[in-house]
Structures are given as C-alpha cells and as structure tokens.
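Down below is the structure, laid out as structure tokens.
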Amino acid sequence: DLTVGVPAVVEGHPPTVDWIMANGKVLREKMAEDPSVKEIADMALALQGSIKSRGVHASGVVIAPGPLWETVAVCADRTHPEEMVVQASMERTEDLGLIKFDVLALAMLTVIARTVKLVKENYGIDVNIRKVNLNDKETFQLYQSGQLVGVFQCENAGMQKTMRLIGVDRFEDVVAGVALYRPGPMASIPEYAARKKKEKRIDYFHPSIEPHVKPYLETTYGVLTYQEQVMQICNSLAGFSIGDGYAVIKAVGKKIQSLLDKYRSAFISGCVKNNVPENIASQYWDKFITPFASYGFNKSHSAAYGFVSYQTAYLKAHYPEEFMISHLNVFLDGKKGNKYEKIVEFEREMQRMNMEFLPKSINRCDFHYTIVSKKDKTQGVLKSQIRPSLRCKGISASAARDIIKNRPYKDMSELAFRTDPKCVDTTSIEALAEAGFFRDERGRKKKTDDVVNEFKVFRNDLKKVKNRGVESDDVFAT
C-alpha cells in the first residue's frame, strides 16, 4: 500500500495527492525505486481536482440577478427534465457571482410542531416556540445531564458528552458546542470547557495581540470557535477588510497557495503596524488563522442549529411525554429504513424517563402513539402511561387503518372476517403476533405460529363462503 502512514485528515481535509507525494514516506521510497510508481503518482496528480462524476445537489438553489443561462451554462435535470440545473460545481457557481442556498428539510421541525400542538390540546397552553426563554434553568439542567436523546444536534453520545463537559448554562454554550463538535475544532472542546469552568487561565496567545482579539474571543473564553472570529481578527489585528478576512477563509479551504502566501505576508505586515512583533504575528497566523480557517464553522449556521437544538431541549425538559411521542410518530410516518431501530431507542429512553408502555392491544392501540395518563407525584402517580401504536414493524399504514376502522373484535374470527384481505393478510398477523399484540388470558404472548394458523383457518372459511357465492355474515350458512 503506497499510502501507509498517511493520515486520513490533514488540517480538516483529506490529504491531497501532492501532500502525500511530499510527506508520504512509503510513496517517496517507492517512487525512488520504481519509475512506474512515479508515473502513477504523476497521473494521480494530473487528475486531482477534476470532476469525477455529475450530480445534482438535493437542496441547492441558485439565485441569479437575471436569466440563469446568461451567466452560466445550464441543462435539463436527468430525472426531472422540467427542472433546470447549472453545469458547474458549487465553487465555480459562486466564482461567477451567483448565490447558492441549501434549502434543507428537517424532520425535527415536524416534531416541534406536533409537540406544540399536543401541548395546546392537553393543557390549553400556547407555546411560542419562536420566542422561547433562552435563560431557562430546566433546559440548561437537561444539557448538563447529557440525557439528550431526541434533542437536535445532540443525538449521538459524543455530542451528549460535549454538552455535559461544557456545563451548558447559557445559550451561547449551545451554539459553541454545535460549532466545536466536528472534525478539527473538536480538539478545542476540553480547552473551552476548562477555561469556562476557570480550571485554566484564559489567554490570547501574546500580550501584544490580546487587545485586538479579546473583544471577539471573550465570549468563547479565548478559544477560536467560529469563522466570523477569523474575519474579525484579521480586520482588527492586521487591518484587513471583512471581505478580505472572508477571502482568507476561502483561500485556506481551497488550498490556493499563491493567495495564502499573499495574505500571510499582508497579515504579518498589518500586525507589525499594530505593534505586534513579526515573529509573534507569524506564529499566530500559522498556529491559529490558517488551521482554523480550514475547518472552522460559521456562527450564523451554528446559531440557527443551536436555536433549534435549544427549542427541542426546552420541550423535552418541560413537556417530555408530548415531545417523545411526537418523535415516535414522526418516525412512524417517515420512510427511513432504520426507523424501527430509532423507535426502540426512544422507547428505551422513555422508560428511563418513568414512562411505561401499556400492553399492546388490537382493540385499543391507534394509528399513532398516544398519552393515556401523565405522572403526578402529588397524586402518587409515579409513571406516565403511553399506549403504543398499532403500526409495529411489518404493518403497513393501510393495514393499520383497516384494522382500526373495523374494530372492536371479540376474537380472531371477527378480525379475519371483517378486515380487508387486500390490506390485512397473514404477513400482517405474523407481524402483530411477533410484536406481542395477541396474548392469552394470563397476559402471556401467544406463539406466532399458533396465531397465524388460527387466522388462516378463519380466512380459509371466508374464502369458501365467498367461492360458494353466499351473501351472509354467517360463514357457516348452507
């Protein structure tokens, strides 16, 4: 393997071919020994940066001051010929002066809307989620606990650990956590937490630099957290325009060495004019500006995601039952292949939160999960009761609707006779049996094979009746 010992990430990005050729020990040795290896590496270098495939961004929208085709080449989309797409990469499109927006759909917004609706139905309270209190004690306590299953941007264990480590006690910490928990900035999380908790002294690298950078880094305890901070520091410390500060970020991201050399020189010169020693300015550029600009996250994005995260944490802290079943019902209505894995995860979390699931019942379970009763310690009720949805794994929406429409059922014969064979078949019954919807008098789960065989007997009787042309509810009519 010619890339043995080559790191997967260099300054927040996969290493380039020229970087590997310069720094990969094994590749350098092989190139020196074998001309064919050098030829392969040169071919890879020639191909670097070329377009390897054509695709359309799922949510990218390009905005132009006039007809799009006057600025960039366009073509019809292959899957939707009535739609027009640009024949340029994202970077090239921006270079042409066009604006690209990513219009993303978030299932979490549906969870929030459904939770707010349930709160209104259950309590008569109108939660103005867009103007939620950003200094809510219970919400901060939830972040500090790390019990954040269902909270936007905090679904994985790493992010939950981050919020617990930071000790969130203000909205700005949520925004910072969103920005820091990604490759590159992640290394700064322990430093941010230690400085916030006053376990480490806050410093700004050098006394000559501090007056220029402190106004922009003070809220993040001296830790570079956002791209906007790089732009502001370049402006204050080196006299760059904000536009040039942004250009530095773009140049680092695109690894344009000629521009980097130009901006590095201008940065050091600007710092010297502000009484910063040249060697200190050089060190600051190399240690902070270029590394962070390559992987930093912009604050506007972090704030937007952080706000949605805070909204969901607020709802989980104050209306846990409504929030969690809204999640479950959104999973049920979705099309993701792993939705039942997520349902199991959330049911486990709800049980940890003192919510119990009532026994599964063909006659009582509805299309969605429902709240039957809420815990009330003053009344001695220690657990909330949740009724599961009829839509277990293997049950289609049409089968669930048909079962609900034709109930109640006294026994298996009524279930077999009343439901539509096109919707409810033996596969449906098998799924319901596996999920525990059929139980004996003692509440024990019946064996799946026994349930399915019983259903088949009654369905076969129904077929015989229909084949004989009998129009009667009595399947034993002669």
Side-chain angles (χ1 to χ4, degrees), residues 9 11-13 59-60 90 99-109 111-112 129-136 139-140 142-144 146 148 150-193 195-196 202 213 215-235 242 245-246 248-250 252-253 288-289 291-316:
V9 177
E11 295 183 357
H13 297 279
S59 60
M90 175 182 73
I99 298 175
K100 183 185 74 68
F101 285 100
D102 290 348
V103 184
L104 303 176
L106 289 176
M108 191 64 74
L109 299 180
V111 172
I112 292 171
I129 202 65
R130 294 187 178 184
K131 294 185 179 180
V132 64
N133 176 16
L134 293 179
N135 294 298
D136 183 68
T139 303
F140 292 144
L142 182 66
Y143 277 113
Q144 292 163 13
L148 298 170
V151 174
F152 185 59
Q153 290 287 293
C154 299
E155 289 90 344
N156 65 65
M159 190 60 167
Q160 292 165 14
K161 181 181 177 182
T162 295
M163 292 303 188
R164 191 167 57 243
L165 181 65
I166 287 174
V168 174
D169 59 9
R170 56 182 190 145
F171 175 65
E172 288 80 1
D173 288 336
V174 179
V175 179
V178 170
L180 289 171
Y181 190 77
R182 50 197 71 248
M186 197 178 288
S188 299
I189 292 172
E191 186 72 18
Y192 180 99
R195 292 184 179 193
K196 173 181 166 56
I202 297 173
V213 303
Y216 309 111
L217 297 181
E218 198 165 19
T219 58
T220 55
Y221 309 100
V223 176
L224 261 175
T225 307
Y226 312 111
Q227 286 182 347
E228 287 88 341
Q229 290 174 320
V230 172
M231 295 158 60
Q232 291 166 324
I233 288 170
C234 285
N235 172 255
I242 293 296
Y246 182 67
V248 167
I249 292 169
K250 300 297 284 186
V252 172
F288 295 102
I289 300 298
F292 186 82
S294 69
Y295 53 60
F297 207 51
N298 63 73
K299 187 174 184 179
S300 57
H301 197 155
S302 301
Y305 270 22
F307 185 58
V308 177
S309 177
Y310 186 91
Q311 288 176 319
T312 55
Y314 178 90
L315 292 173
K316 183 175 183 180

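Positions are given from 1 along the sequence.
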* To do: Take atom OH of Y246 as the centre, draw a 6.0 Å sphere, and report whether it contains more than 12 heavy atoms from other residues, nucleotides or ligands.
  => no
* Under 3.5 Å donor-acceptor, E155 side chain and Q153 backbone -> yes
* Heavy-atom closest pair, residues Q160 and L148 -> CG-CB, 3.8 Å
* Asked: Can you check side chain to side chain contact (heavy atoms under 4.5 Å, CB included) on D169 and K196, steps first, answer last?
  -> CA-CA 10 Å; D169 59 9; K196 173 181 166 56; 2.6 Å; yes
* Structure fact -> CZ (F292) and CD1 (I249) are apart, to the nearest 0.5 Å, by 8.5 Å
* Side chains of Y181 and N156 in contact at under 4.5 Å (non-hydrogen atoms) -> yes
* To do: Give a yes or no answer on whether the side chain of D102 reaches the backbone of L104 with a donor-acceptor pair at less than 3.5 Å.
  => no
* Asked: Hey, does V111 have a side-chain heavy atom less than 4.5 Å from the side chain of M108?
  -> yes
* To do: For side chain to side chain contact (heavy atoms under 4.5 Å, CB included), just list the numbers for I233 and F288, CA-CA rounded to whole Å, side-chain angles, deciding distance to a tenth of an Å, and then say yes or no.
  => CA-CA 11 Å; I233 288 170; F288 295 102; over 6 Å; no
* Ignoring hydrogens and angles, tell me if any N or O in the side chain of Y143 forms a donor-acceptor pair with the backbone of Y310 under 3.5 Å. => yes
Can you give me every donor-acceptor pair (side chain of residues 222-229, partner residue at least two apart or in another chain, under 3.5 Å) with its distance?
unit_1 : atom_1 : unit_2 : atom_2 : d
T225   : OG1    : V223   : O      : 2.8
Y226   : OH     : A176   : N      : 3.2
Q227   : NE2    : G296   : O      : 2.9
E228   : OE1    : K299   : N      : 2.6
E228   : OE2    : K299   : N      : 3.0
E228   : OE2    : S300   : N      : 3.3
Q229   : OE1    : T225   : N      : 2.7
Q229   : OE1    : Y226   : N      : 3.0
Q229   : NE2    : Y216   : O      : 2.9
Q229   : NE2    : T220   : OG1    : 3.1

* Asked: Would a distance-only check, ignoring hydrogens and angles, find a side-chain to backbone donor-acceptor pair under 3.5 Å from T312 to V308?
  -> yes
* Shortest non-hydrogen contact from C234 to G245? -> CB-CA, 4.3 Å
* To do: Show the numbers, then the answer: is there a side chain to side chain contact (heavy atoms under 4.5 Å, CB included) between K316 and T139?
  => CA-CA 8 Å; K316 183 175 183 180; T139 303; over 6 Å; no
* Any sub-3.5 Å donor-acceptor pair from T162's side-chain atoms to G158's backbone N or O? -> yes
* Which atom of T219 lies closest to which atom of Y192, heavy atoms considered -> O-OH, 4.4 Å
